[in-house]
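Encoded as structure tokens, the structure appears first; notes follow it.
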Amino acid sequence: MSSWVGLSVAVPLGLGLYASFGALRSGASEWHARLRRPRYNPPHSVLMPIFALILTLEGIAAYLVSNEMMLAQHTPEFVAVRAGQLGLGFYWLQLTFLIFWPALLAFGPSLKLALANVTVAMLFQLAAMVEFFRLTVAGGMLMLLCFFVVSALTAWNAALIQTRGGLLPL
């Protein structure tokens, strides 16, 4: 089973870092430096490690859930298998949206599109977290931690729009 841990972490981490590497390279640093930012703006150098941490923790949570599903298949716990399938489906959907967020944020047509993207990712992440909690508390807690971080990134994205004079309802 140890190879599944590596695969569960390597796939989302590899995809996320590959997709965000171009968005967070030095050209994006210049974009980030020119941007009017809110007071609690994180330094550009910590965005990639935060993103890597989120994807790693989510990969571990997905492994824990898939491991519980494998154990549940040997028992008559159909509910656990169904929760795992739903949870992993929501997990892959939120991962798809989350992977494209850095590129949309740095080079996308607008910050509002990046905000819509990360909001959809956060909603799928919430659904995945609920299903993960039905199977394993550890997987649900990891997703909860990631949900808080993605919520903070979503608030930061909204604050970027607000400081640029975008019209967000208060």
Side-chain angles (χ1 to χ4, degrees), residues 1-24 28 38 40-106 114-160:
M1 285 287 191
S2 63
S3 64
W4 286 108
V5 173
L7 191 61
S8 294
V9 172
V11 168
L13 184 61
L15 286 173
L17 292 180
Y18 177 76
S20 65
F21 184 71
L24 298 176
Y40 66 92
N41 184 59
H44 182 75
S45 60
V46 302
L47 291 178
M48 184 71 88
I50 287 173
F51 202 61
L53 176 68
I54 291 169
L55 294 172
T56 302
L57 292 177
E58 286 182 351
I60 293 169
Y63 165 74
L64 292 172
V65 167
S66 63
N67 194 34
E68 284 294 319
M69 282 177 54
M70 296 296 266
L71 295 174
Q73 285 180 352
H74 300 292
T75 63
E77 296 183 27
F78 178 72
V79 175
V81 173
R82 187 74 176 146
Q85 289 171 345
L86 277 173
L88 289 174
F90 289 137
Y91 163 76
W92 285 107
L93 283 171
Q94 68 87 28
L95 185 66
T96 302
F97 281 96
L98 194 60
I99 282 173
F100 290 111
W101 177 70
L104 287 173
L105 184 67
L115 178 63
N117 181 24
V118 75
T119 303
V120 169
M122 192 174 69
L123 293 174
F124 280 128
Q125 191 176 48
L126 179 64
M129 179 185 63
V130 168
E131 296 300 324
F132 280 19
F133 265 119
R134 291 179 66 191
L135 273 165
T136 172
V137 174
M141 292 301 286
L142 287 173
M143 286 299 283
L144 180 63
L145 178 64
C146 294
F147 180 76
F148 286 143
V149 174
V150 171
S151 297
L153 291 174
T154 304
W156 174 68
N157 195 161
L160 287 175

Quiz item: What are the two closest non-hydrogen atoms of Phe90 and Ala127, and how far apart are they?
Solution: CD1-CB, 3.5 Å
Quiz item: What heavy-atom pair brings Phe124 and Leu93 nearest, and what distance separates the two atoms?
Solution: CE2-CD1, 3.7 Å
Quiz item: When rounded to the nearest 0.5 angstrom, what is the spacing between CD in Gln85 and CG in Leu135?
Solution: 10.0 Å
Quiz item: CG/Leu104 to CD1/Ile99 distance, rounded to the nearest 0.5 angstrom?
Solution: 12.5 Å
Practice problem: Indicate the atoms forming the closest heavy-atom contact of Gln125 with Gln94, along with that distance. | Solution: N-CB, 3.6 Å
Quiz item: Just wondering, do Leu153 and Ile54 contact through their side chains at under 4.5 Å, heavy atoms?
Solution: yes
Quiz item: Quick one: side chain to side chain contact (heavy atoms under 4.5 Å, CB included) partners of Ser151, sequence neighbours excluded?
Solution: Met122, Phe147
Self-check item: Least distance between heavy atoms, Gly139 atom then Ala61 atom
Solution: O-CB, 3.5 Å
Exercise. Mind checking side chain to side chain contact (heavy atoms under 4.5 Å, CB included) for Thr119 and listing every partner two or more places apart, or none if nothing turns up?
Key: Leu115, Thr154
Exercise. For Trp101 and Asn157, run side-chain contact (heavy atoms from CB on, under 4.5 Å): C-alpha distance rounded to whole Å, both residues' side-chain angles, the deciding distance at 0.1 Å, then the answer.
Key: CA-CA 10 Å; Trp101 177 70; Asn157 195 161; 3.0 Å; yes
Self-check item: Steps toward side-chain contact (heavy atoms from CB on, under 4.5 Å) verdict (Phe133, Met141)
Solution: CA-CA 8 Å; Phe133 265 119; Met141 292 301 286; 3.6 Å; yes
Quiz item: For Ala121, which residues count as a side chain to side chain contact (heavy atoms under 4.5 Å, CB included) partner, sequence neighbours excluded?
Solution: Phe97, Leu98
Quiz prompt | Shortest non-hydrogen contact from Leu88 toward Ser66 | solution = CD1-CB, 4.2 Å
Exercise. Please tell me if the side chains of Leu95 and Leu55 come closer than 4.5 Å, counting only heavy atoms from C-beta onward.
Key: yes
Quiz item: How many angstroms lie between SG in Cys146 and CG in Leu53, if you round to the nearest 0.5 Å?
Solution: 7.0 Å
Quiz item: For Val137 and Phe132, what are the C-alpha separation, side-chain angles and deciding distance, and is it a side-chain contact (heavy atoms from CB on, under 4.5 Å)?
Solution: CA-CA 7 Å; Val137 174; Phe132 280 19; over 6 Å; no
Practice problem: Considering non-hydrogen atoms only, spot the tightest contact between Met143 and Ala128 and give its length. | Solution: CE-CB, 4.0 Å
